[in-house]
Number of protein chains: 2
Amino acid sequence: MDSSPKPERTRLTAEDWEVAALQLIADQGVGALAVEALARQLGVTKGSFYWHFRTREALLQAALERWEQYGENEVLGQIEQIADPRQRLPELFRRVAHELQPHRVYAALLKALDHPLVVPVMARVSQRRTEFLHTAYREAGLPPREALNRARLTYAAYVGFLQLNFTLGLPRINHEEFDGYVEHMIATLIPA
Amino acid sequence: MDSSPKPERTRLTAEDWEVAALQLIADQGVGALAVEALARQLGVTKGSFYWHFRTREALLQAALERWEQYGENEVLGQIEQIADPRQRLPELFRRVAHELQPHRVYAALLKALDHPLVVPVMARVSQRRTEFLHTAYREAGLPPREALNRARLTYAAYVGFLQLNFTLGLPRINHEEFDGYVEHMIATLIPA
DNA sequence: AGCAATCCATACTCATCCGTATGGACAAGT
DNA sequence: ACTTGTCCATACGGATGAGTATGGATTGCT
(Lines give C-alpha, C1' and ligand atoms only; values in the text may rest on other atoms or scores of the structure.)
Protein backbone atom coordinates (compact mmCIF):
# COMPACT_ATOMS: atom_id res chain seq x y z
CA MET A 1 0.00 0.00 0.00
CA ASP A 2 2.25 2.75 1.24
CA SER A 3 5.78 2.70 -0.06
CA SER A 4 7.56 4.61 2.73
CA PRO A 5 5.57 7.35 4.41
CA LYS A 6 6.51 6.47 7.97
CA PRO A 7 9.95 5.34 9.00
CA GLU A 8 8.24 2.53 10.89
CA ARG A 9 8.48 -1.07 9.83
CA THR A 10 11.42 -0.22 7.55
CA ARG A 11 14.57 -2.25 7.49
CA LEU A 12 17.15 -1.02 9.90
CA THR A 13 20.64 0.16 9.16
CA ALA A 14 23.79 0.15 11.24
CA GLU A 15 23.35 3.86 11.93
CA ASP A 16 19.93 3.23 13.43
CA TRP A 17 21.47 0.84 15.93
CA GLU A 18 24.22 3.31 16.78
CA VAL A 19 21.94 6.26 17.47
CA ALA A 20 19.60 4.03 19.45
CA ALA A 21 22.59 2.82 21.42
CA LEU A 22 23.63 6.38 22.21
CA GLN A 23 20.10 7.17 23.27
CA LEU A 24 20.03 4.21 25.60
CA ILE A 25 23.45 5.11 26.97
CA ALA A 26 22.26 8.62 27.70
CA ASP A 27 19.20 7.28 29.48
CA GLN A 28 20.45 4.30 31.40
CA GLY A 29 24.22 4.22 31.07
CA VAL A 30 26.67 2.02 29.23
CA GLY A 31 25.98 -0.94 31.47
CA ALA A 32 22.41 -1.11 30.25
CA LEU A 33 23.51 -1.53 26.65
CA ALA A 34 22.17 -5.02 25.96
CA VAL A 35 21.43 -6.25 22.49
CA GLU A 36 18.11 -7.90 23.27
CA ALA A 37 16.87 -4.82 25.09
CA LEU A 38 17.90 -2.60 22.21
CA ALA A 39 16.28 -4.98 19.76
CA ARG A 40 12.98 -4.86 21.64
CA GLN A 41 13.17 -1.09 21.71
CA LEU A 42 13.66 -1.05 17.94
CA GLY A 43 10.92 -3.58 17.36
CA VAL A 44 13.17 -6.34 16.07
CA THR A 45 15.13 -9.27 17.51
CA LYS A 46 18.73 -10.25 18.00
CA GLY A 47 18.85 -11.77 14.54
CA SER A 48 18.83 -8.29 13.11
CA PHE A 49 21.59 -7.04 15.35
CA TYR A 50 24.10 -9.75 14.60
CA TRP A 51 23.71 -9.12 10.92
CA HIS A 52 24.83 -5.49 11.30
CA PHE A 53 27.44 -5.97 14.04
CA ARG A 54 29.81 -8.75 14.82
CA THR A 55 29.56 -8.30 18.58
CA ARG A 56 28.17 -6.12 21.33
CA GLU A 57 31.42 -4.30 21.79
CA ALA A 58 31.51 -3.53 18.07
CA LEU A 59 28.26 -1.59 18.50
CA LEU A 60 29.62 0.29 21.49
CA GLN A 61 32.76 1.10 19.54
CA ALA A 62 30.79 2.39 16.58
CA ALA A 63 28.44 4.40 18.78
CA LEU A 64 31.36 6.02 20.59
CA GLU A 65 33.05 6.93 17.33
CA ARG A 66 29.84 8.44 16.05
CA TRP A 67 29.42 10.45 19.21
CA GLU A 68 33.01 11.64 19.14
CA GLN A 69 32.78 12.75 15.53
CA TYR A 70 29.34 14.23 15.05
CA GLY A 71 28.54 15.29 18.57
CA GLU A 72 31.62 17.35 19.14
CA ASN A 73 31.10 20.61 17.33
CA GLU A 74 27.60 21.16 18.65
CA VAL A 75 28.67 23.80 21.10
CA LEU A 76 32.26 24.60 20.33
CA GLY A 77 31.54 25.37 16.68
CA GLN A 78 29.19 28.21 17.52
CA ILE A 79 31.48 29.66 20.11
CA GLU A 80 34.42 30.00 17.75
CA GLN A 81 32.38 32.33 15.59
CA ILE A 82 32.09 34.92 18.32
CA ALA A 83 34.40 37.71 17.31
CA ASP A 84 35.45 39.20 20.63
CA PRO A 85 37.59 36.66 22.51
CA ARG A 86 36.62 38.23 25.81
CA GLN A 87 32.99 37.45 25.14
CA ARG A 88 33.59 33.83 24.21
CA LEU A 89 34.17 32.36 27.66
CA PRO A 90 31.17 33.89 29.42
CA GLU A 91 29.00 32.93 26.48
CA LEU A 92 30.39 29.40 26.50
CA PHE A 93 29.64 29.07 30.20
CA ARG A 94 26.08 30.25 29.83
CA ARG A 95 25.32 28.04 26.86
CA VAL A 96 26.79 24.94 28.42
CA ALA A 97 24.85 25.63 31.56
CA HIS A 98 21.52 25.89 29.79
CA GLU A 99 21.94 23.29 27.04
CA LEU A 100 22.39 20.29 29.24
CA GLN A 101 20.84 17.94 26.73
CA PRO A 102 23.98 17.32 24.63
CA HIS A 103 25.88 16.57 27.80
CA ARG A 104 23.84 13.58 28.86
CA VAL A 105 25.93 11.14 26.87
CA TYR A 106 29.08 12.67 28.27
CA ALA A 107 27.75 12.34 31.80
CA ALA A 108 26.82 8.72 31.17
CA LEU A 109 30.26 7.99 29.72
CA LEU A 110 31.80 9.55 32.78
CA LYS A 111 30.25 6.78 34.81
CA ALA A 112 31.63 4.12 32.48
CA LEU A 113 35.29 4.92 32.78
CA ASP A 114 35.77 1.33 33.86
CA HIS A 115 35.21 0.16 30.34
CA PRO A 116 38.36 -0.03 28.23
CA LEU A 117 36.60 1.24 25.12
CA VAL A 118 35.35 4.51 26.56
CA VAL A 119 38.57 5.57 28.27
CA PRO A 120 40.49 6.57 25.12
CA VAL A 121 37.45 8.33 23.71
CA MET A 122 36.92 10.37 26.85
CA ALA A 123 40.63 11.08 27.04
CA ARG A 124 40.65 12.53 23.52
CA VAL A 125 37.47 14.55 23.99
CA SER A 126 38.55 15.95 27.34
CA GLN A 127 41.95 16.76 25.94
CA ARG A 128 40.52 18.67 22.97
CA ARG A 129 38.07 20.62 25.12
CA THR A 130 40.74 21.53 27.63
CA GLU A 131 42.95 22.78 24.82
CA PHE A 132 40.04 24.82 23.52
CA LEU A 133 39.68 26.41 26.93
CA HIS A 134 43.43 26.91 27.06
CA THR A 135 43.56 29.04 23.94
CA ALA A 136 40.40 30.84 24.96
CA TYR A 137 41.99 31.85 28.25
CA ARG A 138 45.14 32.98 26.49
CA GLU A 139 43.13 35.09 24.12
CA ALA A 140 41.41 36.52 27.16
CA GLY A 141 44.74 37.81 28.39
CA LEU A 142 46.13 35.12 30.70
CA PRO A 143 49.79 34.10 30.39
CA PRO A 144 50.21 30.63 28.86
CA ARG A 145 51.01 28.71 32.00
CA GLU A 146 48.23 30.26 34.01
CA ALA A 147 45.85 29.84 31.09
CA LEU A 148 46.51 26.09 31.02
CA ASN A 149 45.90 25.65 34.73
CA ARG A 150 42.77 27.74 34.52
CA ALA A 151 41.56 25.60 31.64
CA ARG A 152 42.12 22.45 33.67
CA LEU A 153 40.32 23.95 36.62
CA THR A 154 37.40 25.08 34.51
CA TYR A 155 36.99 21.75 32.82
CA ALA A 156 37.25 19.89 36.10
CA ALA A 157 34.49 22.13 37.46
CA TYR A 158 32.39 21.29 34.43
CA VAL A 159 32.88 17.57 34.84
CA GLY A 160 32.20 17.71 38.56
CA PHE A 161 29.11 19.76 37.98
CA LEU A 162 27.74 17.12 35.66
CA GLN A 163 28.32 14.42 38.23
CA LEU A 164 26.86 16.32 41.15
CA ASN A 165 23.85 18.04 39.64
CA PHE A 166 23.12 15.81 36.70
CA THR A 167 23.78 12.24 37.59
CA LEU A 168 23.40 12.73 41.27
CA GLY A 169 20.29 14.69 42.11
CA LEU A 170 21.77 17.04 44.66
CA PRO A 171 19.47 19.48 46.53
CA ARG A 172 17.82 20.23 43.22
CA ILE A 173 18.97 23.79 42.98
CA ASN A 174 16.26 25.98 41.47
CA HIS A 175 16.54 28.18 38.40
CA GLU A 176 17.36 31.53 39.95
CA GLU A 177 19.89 30.02 42.30
CA PHE A 178 21.39 28.12 39.40
CA ASP A 179 21.83 31.29 37.36
CA GLY A 180 23.49 32.83 40.37
CA TYR A 181 25.90 29.92 40.48
CA VAL A 182 26.74 30.27 36.81
CA GLU A 183 27.41 33.98 37.16
CA HIS A 184 29.57 33.25 40.18
CA MET A 185 31.58 30.80 38.10
CA ILE A 186 32.04 33.42 35.41
CA ALA A 187 33.13 35.99 37.95
CA THR A 188 35.71 33.78 39.63
CA LEU A 189 37.07 31.79 36.72
CA ILE A 190 37.15 34.38 33.94
CA PRO A 191 39.65 37.24 34.25
CA ALA A 192 38.20 40.72 34.08
CA MET B 1 50.81 -25.46 66.95
CA ASP B 2 50.25 -21.76 66.69
CA SER B 3 47.05 -20.48 68.17
CA SER B 4 46.62 -17.23 66.23
CA PRO B 5 49.87 -15.53 65.22
CA LYS B 6 48.92 -14.80 61.62
CA PRO B 7 45.48 -13.60 60.58
CA GLU B 8 45.61 -16.29 57.91
CA ARG B 9 43.39 -19.31 58.02
CA THR B 10 41.27 -17.74 60.75
CA ARG B 11 37.53 -17.66 60.59
CA LEU B 12 36.20 -14.63 58.86
CA THR B 13 33.88 -11.97 60.22
CA ALA B 14 31.40 -9.67 58.55
CA GLU B 15 33.83 -6.80 58.85
CA ASP B 16 36.45 -8.71 56.91
CA TRP B 17 34.04 -9.04 54.04
CA GLU B 18 33.14 -5.37 54.18
CA VAL B 19 36.70 -4.07 54.08
CA ALA B 20 37.56 -6.55 51.34
CA ALA B 21 34.56 -5.32 49.43
CA LEU B 22 35.69 -1.71 49.76
CA GLN B 23 39.15 -2.68 48.61
CA LEU B 24 37.74 -4.43 45.57
CA ILE B 25 35.48 -1.46 44.84
CA ALA B 26 38.44 0.89 45.00
CA ASP B 27 40.39 -1.33 42.62
CA GLN B 28 37.85 -2.48 40.07
CA GLY B 29 34.65 -0.59 40.74
CA VAL B 30 31.27 -1.51 42.15
CA GLY B 31 30.37 -3.58 39.12
CA ALA B 32 33.18 -6.01 39.89
CA LEU B 33 31.77 -6.75 43.31
CA ALA B 34 30.92 -10.44 42.86
CA VAL B 35 30.63 -12.79 45.79
CA GLU B 36 32.49 -15.70 44.24
CA ALA B 37 35.36 -13.44 43.21
CA LEU B 38 35.54 -11.94 46.69
CA ALA B 39 35.41 -15.40 48.23
CA ARG B 40 38.34 -16.57 46.10
CA GLN B 41 40.26 -13.46 47.10
CA LEU B 42 39.63 -14.25 50.76
CA GLY B 43 40.48 -17.90 50.36
CA VAL B 44 36.99 -19.23 51.06
CA THR B 45 33.86 -20.07 49.09
CA LYS B 46 30.36 -18.72 48.73
CA GLY B 47 29.21 -20.83 51.62
CA SER B 48 31.01 -18.49 53.95
CA PHE B 49 29.57 -15.37 52.42
CA TYR B 50 25.94 -16.35 52.65
CA TRP B 51 26.35 -17.12 56.29
CA HIS B 52 27.41 -13.54 57.06
CA PHE B 53 25.18 -11.73 54.58
CA ARG B 54 21.76 -12.40 53.28
CA THR B 55 22.46 -11.12 49.79
CA ARG B 56 25.01 -9.40 47.64
CA GLU B 57 23.32 -6.04 48.02
CA ALA B 58 23.43 -6.43 51.79
CA LEU B 59 27.20 -6.55 51.59
CA LEU B 60 27.30 -3.49 49.37
CA GLN B 61 25.00 -1.68 51.76
CA ALA B 62 27.14 -2.59 54.76
CA ALA B 63 30.35 -1.64 52.96
CA LEU B 64 28.92 1.73 51.97
CA GLU B 65 27.76 2.46 55.51
CA ARG B 66 31.17 1.53 56.85
CA TRP B 67 32.85 3.80 54.33
CA GLU B 68 30.49 6.66 55.06
CA GLN B 69 31.03 6.42 58.82
CA TYR B 70 34.64 5.58 59.36
CA GLY B 71 36.14 6.99 56.20
CA GLU B 72 34.71 10.45 56.54
CA ASN B 73 36.74 12.22 59.16
CA GLU B 74 40.08 11.14 57.77
CA VAL B 75 40.79 14.51 56.24
CA LEU B 76 38.15 16.86 57.55
CA GLY B 77 38.88 16.05 61.18
CA GLN B 78 42.43 17.25 61.00
CA ILE B 79 41.50 20.39 59.13
CA GLU B 80 39.04 21.56 61.74
CA GLN B 81 41.83 21.68 64.29
CA ILE B 82 43.68 24.35 62.39
CA ALA B 83 43.20 27.53 64.37
CA ASP B 84 43.38 30.21 61.71
CA PRO B 85 40.36 29.91 59.39
CA ARG B 86 42.31 31.58 56.62
CA GLN B 87 44.86 28.81 56.71
CA ARG B 88 42.32 26.00 56.60
CA LEU B 89 41.34 26.12 52.96
CA PRO B 90 44.84 26.21 51.45
CA GLU B 91 45.88 23.44 53.79
CA LEU B 92 42.80 21.41 52.88
CA PHE B 93 43.55 21.80 49.19
CA ARG B 94 47.14 20.69 49.57
CA ARG B 95 46.33 17.67 51.70
CA VAL B 96 43.57 16.47 49.46
CA ALA B 97 45.84 16.90 46.49
CA HIS B 98 48.61 14.78 47.95
CA GLU B 99 46.65 12.14 49.81
CA LEU B 100 44.82 10.66 46.90
CA GLN B 101 44.63 7.22 48.45
CA PRO B 102 41.50 7.81 50.59
CA HIS B 103 39.75 9.17 47.51
CA ARG B 104 39.93 6.02 45.47
CA VAL B 105 36.69 4.64 46.87
CA TYR B 106 35.00 7.96 46.27
CA ALA B 107 36.22 7.98 42.68
CA ALA B 108 34.97 4.44 42.18
CA LEU B 109 31.59 5.30 43.67
CA LEU B 110 31.38 8.27 41.35
CA LYS B 111 31.31 5.80 38.49
CA ALA B 112 28.54 3.79 40.08
CA LEU B 113 25.94 6.49 40.37
CA ASP B 114 23.64 4.21 38.39
CA HIS B 115 23.23 1.97 41.38
CA PRO B 116 20.33 2.91 43.66
CA LEU B 117 22.27 2.09 46.83
CA VAL B 118 25.21 4.41 46.23
CA VAL B 119 23.22 7.47 45.18
CA PRO B 120 21.91 8.41 48.66
CA VAL B 121 25.31 7.76 50.21
CA MET B 122 27.09 9.96 47.73
CA ALA B 123 24.40 12.58 48.09
CA ARG B 124 24.90 12.75 51.85
CA VAL B 125 28.68 12.78 51.66
CA SER B 126 28.79 15.42 48.96
CA GLN B 127 26.27 17.50 50.85
CA ARG B 128 28.27 17.40 54.07
CA ARG B 129 31.53 18.22 52.36
CA THR B 130 29.99 21.09 50.47
CA GLU B 131 28.60 22.48 53.70
CA PHE B 132 32.02 22.16 55.26
CA LEU B 133 33.46 24.20 52.43
CA HIS B 134 30.60 26.64 52.78
CA THR B 135 31.39 27.50 56.39
CA ALA B 136 35.11 27.52 55.64
CA TYR B 137 34.59 30.12 52.94
CA ARG B 138 32.40 32.22 55.20
CA GLU B 139 35.04 32.11 57.89
CA ALA B 140 37.49 33.21 55.26
CA GLY B 141 35.49 36.35 54.74
CA LEU B 142 33.10 35.66 51.89
CA PRO B 143 29.45 36.72 52.21
CA PRO B 144 27.08 33.75 52.70
CA ARG B 145 25.64 33.59 49.21
CA GLU B 146 29.00 33.87 47.51
CA ALA B 147 30.50 31.42 49.97
CA LEU B 148 27.92 28.80 49.03
CA ASN B 149 28.50 29.18 45.33
CA ARG B 150 32.24 29.10 45.84
CA ALA B 151 31.85 25.93 47.88
CA ARG B 152 29.86 24.31 45.08
CA LEU B 153 32.43 25.37 42.53
CA THR B 154 35.28 24.07 44.63
CA TYR B 155 33.69 20.74 45.26
CA ALA B 156 32.76 20.35 41.62
CA ALA B 157 36.39 21.03 40.72
CA TYR B 158 37.43 18.36 43.19
CA VAL B 159 35.05 15.79 41.77
CA GLY B 160 36.00 16.62 38.21
CA PHE B 161 39.65 16.40 39.09
CA LEU B 162 39.18 12.89 40.41
CA GLN B 163 37.46 11.83 37.23
CA LEU B 164 39.97 13.38 34.87
CA ASN B 165 43.27 12.67 36.54
CA PHE B 166 42.44 9.64 38.62
CA THR B 167 40.04 7.45 36.80
CA LEU B 168 40.95 8.72 33.40
CA GLY B 169 44.68 8.79 32.90
CA LEU B 170 44.91 12.19 31.30
CA PRO B 171 48.33 13.41 30.01
CA ARG B 172 49.82 12.20 33.27
CA ILE B 173 50.77 15.57 34.57
CA ASN B 174 54.11 15.40 36.41
CA HIS B 175 54.76 16.41 39.99
CA GLU B 176 56.01 19.95 39.55
CA GLU B 177 53.30 20.79 37.09
CA PHE B 178 50.75 19.27 39.43
CA ASP B 179 51.93 21.41 42.32
CA GLY B 180 51.63 24.39 40.06
CA TYR B 181 48.04 23.43 39.32
CA VAL B 182 47.20 23.10 43.00
CA GLU B 183 48.68 26.50 43.77
CA HIS B 184 46.74 27.96 40.89
CA MET B 185 43.55 26.51 42.34
CA ILE B 186 44.36 28.06 45.69
CA ALA B 187 45.06 31.40 44.10
CA THR B 188 41.85 31.54 42.09
CA LEU B 189 39.38 29.87 44.42
CA ILE B 190 40.46 31.16 47.82
CA PRO B 191 39.95 34.85 48.55
CA ALA B 192 43.06 36.75 49.56
C1' DA C 1 8.50 -13.03 -13.25
C1' DG C 2 12.50 -14.69 -11.35
C1' DC C 3 16.99 -14.49 -9.08
C1' DA C 4 20.15 -12.91 -5.69
C1' DA C 5 21.35 -10.16 -1.97
C1' DT C 6 19.86 -8.12 2.08
C1' DC C 7 17.54 -8.14 6.43
C1' DC C 8 15.36 -10.44 10.20
C1' DA C 9 12.88 -14.32 13.28
C1' DT C 10 13.23 -18.53 15.78
C1' DA C 11 15.50 -21.65 18.34
C1' DC C 12 19.03 -23.13 20.16
C1' DT C 13 24.10 -23.34 23.06
C1' DC C 14 27.06 -21.69 26.50
C1' DA C 15 29.06 -19.02 30.18
C1' DT C 16 28.35 -16.30 34.28
C1' DC C 17 26.63 -15.30 38.59
C1' DC C 18 23.13 -14.99 42.33
C1' DG C 19 21.05 -17.68 45.68
C1' DT C 20 19.79 -22.29 48.17
C1' DA C 21 20.33 -26.77 50.35
C1' DT C 22 22.83 -29.61 53.05
C1' DG C 23 26.44 -31.72 55.40
C1' DG C 24 31.06 -31.37 57.48
C1' DA C 25 34.87 -29.12 60.34
C1' DC C 26 36.10 -26.66 64.43
C1' DA C 27 35.54 -24.09 68.52
C1' DA C 28 33.60 -23.46 73.26
C1' DG C 29 30.86 -24.71 77.07
C1' DT C 30 29.25 -28.50 80.62
C1' DA D 1 33.53 -37.01 75.94
C1' DC D 2 29.30 -34.98 74.16
C1' DT D 3 26.60 -31.60 72.61
C1' DT D 4 25.84 -27.02 70.59
C1' DG D 5 26.62 -23.12 67.92
C1' DT D 6 29.55 -21.02 64.58
C1' DC D 7 31.72 -20.99 60.19
C1' DC D 8 32.56 -22.97 55.76
C1' DA D 9 32.67 -26.52 51.48
C1' DT D 10 30.20 -28.85 47.93
C1' DA D 11 26.76 -29.31 44.88
C1' DC D 12 22.88 -27.86 43.04
C1' DG D 13 18.87 -24.69 40.66
C1' DG D 14 17.60 -20.85 38.04
C1' DA D 15 17.90 -16.49 35.72
C1' DT D 16 20.27 -13.56 32.54
C1' DG D 17 22.54 -12.30 28.45
C1' DA D 18 26.03 -13.02 24.62
C1' DG D 19 26.73 -15.40 20.49
C1' DT D 20 25.43 -19.13 16.69
C1' DA D 21 22.73 -21.71 13.26
C1' DT D 22 19.45 -21.69 10.01
C1' DG D 23 15.52 -20.76 7.48
C1' DG D 24 12.08 -17.36 6.06
C1' DA D 25 10.72 -12.78 4.40
C1' DT D 26 11.57 -8.68 1.76
C1' DT D 27 13.87 -5.78 -1.44
C1' DG D 28 16.40 -4.58 -5.64
C1' DC D 29 17.99 -5.90 -10.06
C1' DT D 30 17.39 -7.83 -14.69
Side-chain angles (χ1 to χ4, degrees), chain A residues 1-25 27-64 108 112 114-118, chain B residues 1-25 27-64 108 112 114-118:
Chain A
M1 306 303 178
D2 43 12
S3 54
S4 64
K6 305 172 185 177
E8 300 192 28
R9 201 39 48 193
T10 299
R11 320 281 275 273
L12 294 179
T13 167
E15 288 192 18
D16 296 330
W17 286 95
E18 296 172 9
V19 301
L22 285 176
Q23 182 66 39
L24 199 154
I25 288 175
D27 289 340
Q28 308 184 33
V30 176
L33 184 60
V35 310
E36 304 201 41
L38 246 188
R40 275 194 302 272
Q41 184 178 314
L42 287 174
V44 291
T45 64
K46 301 165 52 168
S48 171
F49 176 83
Y50 284 100
W51 192 92
H52 294 284
F53 297 93
R54 213 174 57 79
T55 172
R56 191 202 96 124
E57 299 234 309
L59 169 66
L60 178 57
Q61 179 101 39
L64 291 177
D114 317 69
H115 201 107
L117 283 180
V118 318
Chain B
M1 307 305 173
D2 44 13
S3 54
S4 64
K6 305 174 184 177
E8 300 192 29
R9 199 41 46 194
T10 299
R11 319 280 275 270
L12 293 179
T13 168
E15 289 192 18
D16 296 330
W17 285 96
E18 296 172 8
V19 301
L22 285 176
Q23 181 66 40
L24 199 154
I25 288 174
D27 289 339
Q28 308 182 34
V30 177
L33 184 60
V35 308
E36 306 201 42
L38 244 189
R40 275 193 301 273
Q41 183 179 314
L42 288 175
V44 292
T45 64
K46 301 166 48 168
S48 172
F49 176 83
Y50 284 99
W51 193 91
H52 294 284
F53 297 93
R54 215 175 56 78
T55 171
R56 191 203 94 124
E57 300 235 310
L59 170 65
L60 179 57
Q61 180 101 38
L64 290 177
D114 317 69
H115 200 108
L117 283 181
V118 317

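Hydrogens, waters and symmetry mates play no part in the numbers below; they use all other heavy atoms, side chains included. Lettering follows sequence order; numbering is per chain, from 1.
- In this structure, the separation between CD on B/Q41 and CD on B/E36 is 14.0 Å, given to the nearest 0.5 Å.
- When the side chain to side chain contact (heavy atoms under 4.5 Å, CB included) test is applied to A/A37, the partners found at least two apart in sequence or on another chain are A/A34, A/R40.
- A sub-4.0 Å separation between OP1 or OP2 of C/dT6 and a side-chain N or O of A/H52 is absent.
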Could you list the donor-acceptor pairs under 3.5 angstrom formed between side-chain atoms of residues 13-21 of chain B and any protein atom two or more places apart in sequence or on another chain?
from  : atom 1 : to    : atom 2 : distance (Å)
B/D16 : OD2    : B/T13 : N      : 2.9
B/E18 : OE1    : B/R66 : NE     : 2.7
B/E18 : OE1    : B/R66 : NH2    : 3.4

Show me, pair by pair, the donor-acceptor contacts under 3.5 angstrom made by side chains of residues 45-60 of chain B, not counting sequence neighbours?
from  : atom 1 : to     : atom 2 : distance (Å)
B/H52 : NE2    : B/L12  : O      : 3.3
B/R56 : NH1    : B/L33  : O      : 2.5
B/E57 : OE2    : B/H115 : NE2    : 3.1

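- Comparing C/dC8, D/dT6, D/dA9 against the side chain of B/T45 picks out D/dA9 as the nearest.
- If you take CH2 of A/W51 and P of D/dG19, they are 18 Å apart, rounded to a whole angstrom.
- Considering only the side chain of A/V44, C/dC8 comes nearest among D/dC8, C/dC8, D/dC7.
- Following rounding to the nearest Å, A/L42 (CG) and C/dC7 (C1') show an atom-to-atom distance of 14 Å.
- Between its two ends, the helix from C/dA1-D/dT30 to C/dC17-D/dG14 turns its axis by 10°, counting five pairs per end and rounding to 10 degrees.
- A donor-acceptor contact under 3.5 Å is formed by the side chain of B/R11 with the base of D/dT6.
- For the pair A/L24 and A/A32, the tightest heavy-atom approach, listed with the atom from each and the gap, is CD2-O, 3.2 Å.
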Contact pattern, 5' to 3', of nucleotides 12-19 of chain C - B, S or - by protein heavy atom under 4.0 Å: -----BBB
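- Of the residues in residues 17-25 of chain B, not one places a heavy atom less than 4.0 Å from an atom of DNA chain D.
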